[in-house]
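Taking it in order: structure first as structure tokens, then the write-up.
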Amino acid sequence: MIYRTLFVFVAIIALAACQPQKKEINYPKTDLAAAPLIPKPVKTIATQSAFGLDAQTAIYTSTNDPAFEAVGQFLSEKIKGKTGLDLAVNNTSDATVERLIFINQSDSTDLATPESYQLYIKKDSILLNAKTAEGAFRGIQTLRQLIPEQSNDTLTDHPLWVIPSGKIMDAPKYAYRGSMLDVSRHFFSVDEVKKYIDAMAYYKMNTLHLHLSDDQGWRIEIKSWPKLTEVGGATEVGGGEGGFYTQEDYKDLVAYAAKHHITIVPEIDMPGHTNAASVSYPFLNGNGKKVEPYTGTQVGFSTFDAQKDTVYSFLDDVIGEIAAMSPGPYFHIGGDESHVTKKSDYILFIEKVEKIVQKHGKRMVGWNEIAQAKIDPSTIAQLWSNPKDAENAAANGSKIIMSPAHKAYLDMQYDSLTKFGLHWASYIPVDVGYNWDPETIVENLPKESILGIEAPLWSETISNIAELEYLAFPRLIGYAELGWSPTEHLNWEDYKERLAKQAAYLEKMNINYYPSKLIDWKKD
């Protein structure tokens, strides 16, 4: 396959070379290694020249996999949005092509993971090699970041965007790099979630965990249990009107995420954090009290009845409907802060629900408390509070997602003056959010047990997209680098200089980031 696609690449270059000779462009000296890329690539070699992106540039892709053509179309759309250039994709009859970008499906053994890519930038061509469309998609995010905000109008008689030349060899450190959005305490619309996905993809994150149910609201339509959204979806923290995703809404989000090579992980929190479900169907309730709609922020008072078969029949329906709409491998069952659930009931519940999740073809994920049960080694534990749980789960063979609250929770305030957020775990300024190592945060956790990292954003104190973004950005960008870049590349002094130059992207995308004084923001 590599020889066939490279033959096509060489043929396209030859076609471009046969066009009438144009005046040689005298590019300024560039330094690819100094580009403010986030996440920082594994290896960068600068060759001090440049590629000129202009209207005579075309995009070509391997055509044996339609997903590669889709990546080419995505790149064309993003280039048009940034520069106004409308670059053709796989139009081999275009006689005006002078330079080209080729996205190549390669079987090179140097591409060690599905997300690995190689980027070769020369004066007349850019070659992106990847084994999978996912790897190609990660590579074009690097290319997007290399395109300057402004064209250089002094080198030619038309606008030209100068991209530094060289080679980039890149692959992620962790297979799982994500963020969680709590849409239960406050509801966020489909378009707002899509905007978050856009930014996650730009920084090479690959997983969006949606916290779809809690005491204050149930946010996903279940056709076999309609009161979940009719009743449970009508509330949120502070007494707002709530909201929910129809199944068509949810499928739309899943498809949009898939276009960005992001997997959505649905979460139905249980056996605690279940008041909205129990208000909708009181037979589910196991705390012995009358259930009422709840719009406060306390936790730990609700539970499903772990002894009722009807509860598990209900969960079979709920998990089945959501799993059928979720092509990703994971289903998150929560499992945290079940303070009024007897320990024996909690263990029984987790072990029964794990079997239901597996029945529907998914791999169970739960907060670190699930390690108290006898979980299957395929089940994933997500660390937020108790390192010992993570150690026990890993000893059992389970993988661990690292989300320590005092380092990775996006809803923690930056400092005591921050308008939104909480600080029960810690204040997390931008440098503290960046300066930690997932491999040493738990003393006895083998690094091979770490599946990846996730930055959760709980929504008790935020009710609109601007407030959400204020807490998420710029810290989410640092978590993206922690999940992707080699540990030896992680350096705060270097990172903060690259982060400063992300201001132009954030402002163009209308992202309401927190302007930390630790960063000398470069808005030009």
Side-chain angles (χ1 to χ4, degrees), residues 182-187 210-237 239-250 266-326 331-342 344-357 359-360 362 364 366-367 370:
D182 171 15
V183 297
S184 294
R185 270 56 174 270
H186 282 98
F187 181 66
L210 289 179
H211 183 76
L212 293 166
S213 70
D214 214 299
D215 293 316
Q216 300 86 351
W218 184 283
R219 307 301 181 203
I220 179 73
E221 178 188 22
I222 304 299
K223 292 187 182 296
S224 55
W225 298 88
K227 288 184 180 179
L228 288 170
T229 47
E230 291 171 7
V231 177
T235 50
E236 65 180 18
V237 167
E241 65 181 10
F244 65 91
Y245 305 119
T246 66
Q247 292 201 358
E248 291 308 307
D249 289 336
Y250 181 76
E267 179 190 350
I268 299 299
D269 206 348
M270 49 186 152
H273 291 277
T274 48
N275 192 75
S278 293
V279 167
S280 305
Y281 293 99
F283 77 88
L284 298 168
N285 184 42
N287 68 8
K289 299 179 181 179
K290 182 181 179 181
V291 286
E292 300 283 353
Y294 184 68
T295 59
T297 59
Q298 296 301 308
V299 300
F301 62 88
S302 61
T303 184
F304 282 153
D305 190 332
Q307 296 294 328
K308 283 185 179 177
D309 289 342
T310 49
V311 170
Y312 299 106
S313 296
F314 163 82
L315 291 174
D316 192 17
D317 291 341
V318 168
I319 292 168
E321 287 194 35
I322 297 173
M325 299 185 290
S326 304
F331 191 99
H332 204 300
I333 60 94
D336 61 321
E337 298 177 321
S338 297
H339 300 324
V340 298
T341 315
K342 293 178 182 178
S344 58
D345 281 351
Y346 179 86
I347 290 170
L348 171 69
F349 183 90
I350 296 300
E351 292 174 1
K352 279 180 169 284
V353 170
E354 181 183 61
K355 289 181 173 60
I356 296 172
V357 171
K359 168 188 169 183
H360 291 288
K362 301 301 180 185
M364 190 174 88
W367 300 104
I370 66 168

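Worth knowing before you read on, the calculation uses all heavy atoms, side chains too, and leaves out hydrogens, waters and symmetry mates. The chain is numbered in sequence order, starting from 1. Predicted, not measured: the structure shown is a model, and the values here were computed from it.
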Checklist entry - How far apart are the C-alpha atoms of D269 and H332, what are their side-chain angles, what is the distance that settles it, and do they pass the side chain to side chain donor-acceptor pair (under 3.5 Å) test? => result CA-CA 8 Å; D269 206 348; H332 204 300; over 6 Å; no
Checklist entry - In this structure, are over 12 heavy atoms from other groups packed under 6.0 Å from K308 atom NZ? => result yes
Checklist entry - Is the backbone of Q216 close enough, under 3.5 Å, to the side chain of D214 for a donor and an acceptor to pair up by distance? => result no
Item to check | Any donor-acceptor pair under 3.5 Å from D316 side chain to S313 backbone | outcome: no
Item to check | Donor-acceptor side-chain pairing of S326 and Y250 below 3.5 angstrom | outcome: yes
Checklist entry - With a 4.5 Å limit on heavy-atom distance, are the side chains of R185 and D182 in contact? => result yes
Next on the checklist: Can you confirm whether D305 sits close enough to N285 that some side-chain heavy atom of one is under 4.5 Å from a side-chain heavy atom of the other?
Outcome noted: no
[X] and [Y]: which non-hydrogen atoms are nearest, and at how many Å?
X    : Y    : answer
N287 : F301 : ND2-O, 3.0 Å
H273 : E337 : NE2-OE1, 2.8 Å
A276 : W218 : CB-N, 3.9 Å
G334 : E267 : CA-OE2, 3.2 Å

Checklist entry - Taking the six-membered ring for Trp, is the centroid-to-centroid distance between F314 and W225 below 6.0 Å? => result yes
Checklist entry - So F349 and Y312, would you call those rings parallel, tilted or perpendicular, with 30° and 60° as cut-offs? => result tilted
